[in-house]
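Letters A, B, ... mirror the listed sequences (proteins, then strands); counts begin at 1.
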There are 2 protein chains.
Amino acid sequence: MTEQPAPRAEGAAEAPGLSRAQRRLRSERRILEAARELFARQGFERTTIRAVAAAAGVDPALVMQHFGSKQGLFTQAVRVAVPESPAAQARDQEQVVDALLGSLGLKLDGLPASSLAMMRSMLTHPEAAAHAREVLEAQISGLAEATAGPEARARAALLMSITVGVAVCHQLLALDSLRGTPQDRLAALLRPALRALLDEDPG
Amino acid sequence: MTEQPAPRAEGAAEAPGLSRAQRRLRSERRILEAARELFARQGFERTTIRAVAAAAGVDPALVMQHFGSKQGLFTQAVRVAVPESPAAQARDQEQVVDALLGSLGLKLDGLPASSLAMMRSMLTHPEAAAHAREVLEAQISGLAEATAGPEARARAALLMSITVGVAVCHQLLALDSLRGTPQDRLAALLRPALRALLDEDPG
DNA sequence: GTCTATATCAGGATAGAC
DNA sequence: GTCTATCCTGATATAGAC
């Protein structure tokens with residue numbers, strides 16, 4: 001901290017007074033941030049290491065140095081705390097609906113780039129697909145426990161499917177018909193539908 | 001037809017007695033079929049001309065000859081009769097629900113490879129995304145006309161989003177929790193939810 | 001009409017200087 | 001720790017023989 005670092009590397013020019021470890025961390029963060037954004041926008045295949053490096057303002061080789069491979073970068077970029085089931089500690093069905101709408105509310109606006117990156121590639125990248133399946137099945141399990149009545153798992157799966165569909169159409173496809181409606185209205189319209197799926201119903 | 005064709009080209013060995021035009025059409029069909037299947041399974045980027053040619057039993061150069069480029073091949077492969085809105089001529093809301101479930105019933109089982117190919121790439125391939133948006137917005141418009149009450153378009157958009165979500169989770173992600181349930185059960189469970197979205201409801 | 005051969009290029013990955 | 005230079009693979013696309 002107190003020693004005067006000699007400007008060895010060119011890149012150091014922008015970050016005076018930082019230790020190597022600090023600079024390394026800073027680089028990693030910037031790379032990850034740029035990667036998440038590009039992966040989220042273009043998906044895995046169309047995103048190049050070079051583009052990520054450019055966006056992060058670092059050298060392409062540095063990206064490899066830190067993450068080993070493009071796949072490694074992707075894995076790190078989409079790894080997040082596995083989102084708890086939307087109905088983690090819901091006590092009645094109305095709370096389950098609230099939880100679902102809440103998680104969707106998130107998805108309609110402030111969904112983190114890492115999640116978007118995962119979703120963007122989940123249909124075309126095998127590892128992203130596996131990740132998505134894992135997360136979704138976990139959420140379905142949690143939801144099924146909070147769902148009374150017969151065929152709880154199927155209902156839960158359909159509830160998550162609805163969530164996925166709305167998120168995909170709104171966030172990834174950016175359908176005008178969805179974008180043109182404020183999310184609280186969407187939530188209000190969706191609520192009875194979710195409720196109906198949770199209701200016990202003689203199929 | 002009556003003339004004895006001399007075996008000029010090697011490929012002709014498999015198809016004796018066919019005119020050039022006929023053989024050309026046959027090749028195109030086989031290529032398109034193989035392309036649809038591969039695009040549907042792997043998406044645009046991971047599908048190679050070589051793989052399509054191999055699957056179709058023809059030479060890679062032939063694919064280029066017929067379709068000009070990989071993009072051209074994709075465009076042809078996903079071009080289908082634009083599916084009419086699920087609620088084309090529904091007279092009451094229950095028929096709209098039926099139409100939706102019907103189109104979803106299709107999606108759960110017999111969705112054509114061309115549609116799957118389009119869906120598989122709609123999140124990562126710009127042209128597929130544009131195509132998907134176009135089709136979906138058209139279906140939303142049709143649906144909105146058949147939907148009474150306020151915010152008809154938003155409701156219609158949500159209905160289509162649900163359809164997309166279920167199709168994606170079932171067909172493309174192959175979620176076990178959905179796969180484990182027969183589609184008529186899924187339809188039965190989904191029905192009240194769709195109904196709820198169509199009901200006029202004081203938001 | 002179909003195939004062989006190849007031009008051309010993009011992008012991931014590596015080696016090594018500093 | 002960061003950058004330069006480069007290798008190498010895989011894939012699209014083309015030219016031309018048959």
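If you take CD1 of A:Ile49 and P of C:dG11, they are 11 Å apart, rounded to a whole angstrom. If you measure from atom CZ of A:Phe44 to atom C1' of C:dG11, you get 12 Å, rounded to the nearest angstrom. Summarising the geometry, the separation between CE on B:Met64 and C1' on C:dT4 is reported as 16 Å, rounded to the nearest angstrom. Residue B:Phe67 contributes atom CZ, which lies 15 Å from atom P of D:dT12 at whole-angstrom precision. Distance B:Leu62 CG to D:dC18 P: 19 Å, rounded to the nearest Å.
Here B:Arg133 does not pair with A:Asp176 in a salt bridge; the nearest charged N to carboxylate O distance is not below 4.0 Å. A salt bridge between B:Arg153 and B:Glu145 is absent, with no side-chain N of the basic residue lying under 4.0 Å from a carboxylate O of the acidic one.
Closest heavy-atom contact between A:Ile49 and A:Pro60: CG2-O, 3.9 Å.
The side chain of B:Thr48 places no N or O atom within less than 4.0 Å of a non-bridging phosphate oxygen (OP1 or OP2) of D:dG10. Contact check, A:His66 against D:dT2: a side-chain N or O comes under 4.0 Å of OP1 or OP2. Contact check, B:Ser27 against C:dG1: no side-chain N or O comes under 4.0 Å of OP1 or OP2.
Mapping B:Gln65 and B:Lys70 onto DNA chain D by nearest heavy atom places B:Lys70 closer to the 5' end of the strand. Take the nearest nucleotide of DNA chain D for B:Gly68 and for A:Val58: the residue whose nucleotide is more 5' is A:Val58. Closest-nucleotide positions on DNA chain C for B:Ala21 and B:Pro60 were compared, and the one nearer the 5' end corresponds to B:Ala21.
Side-chain contact check for A:His125 and B:Arg46: at least one donor-acceptor pair (N or O, by modelled atom type) lies under 3.5 Å.
Within 3.5 Å, a donor on the side chain of A:Arg50 pairs with an acceptor on the base of C:dG12, or the reverse.
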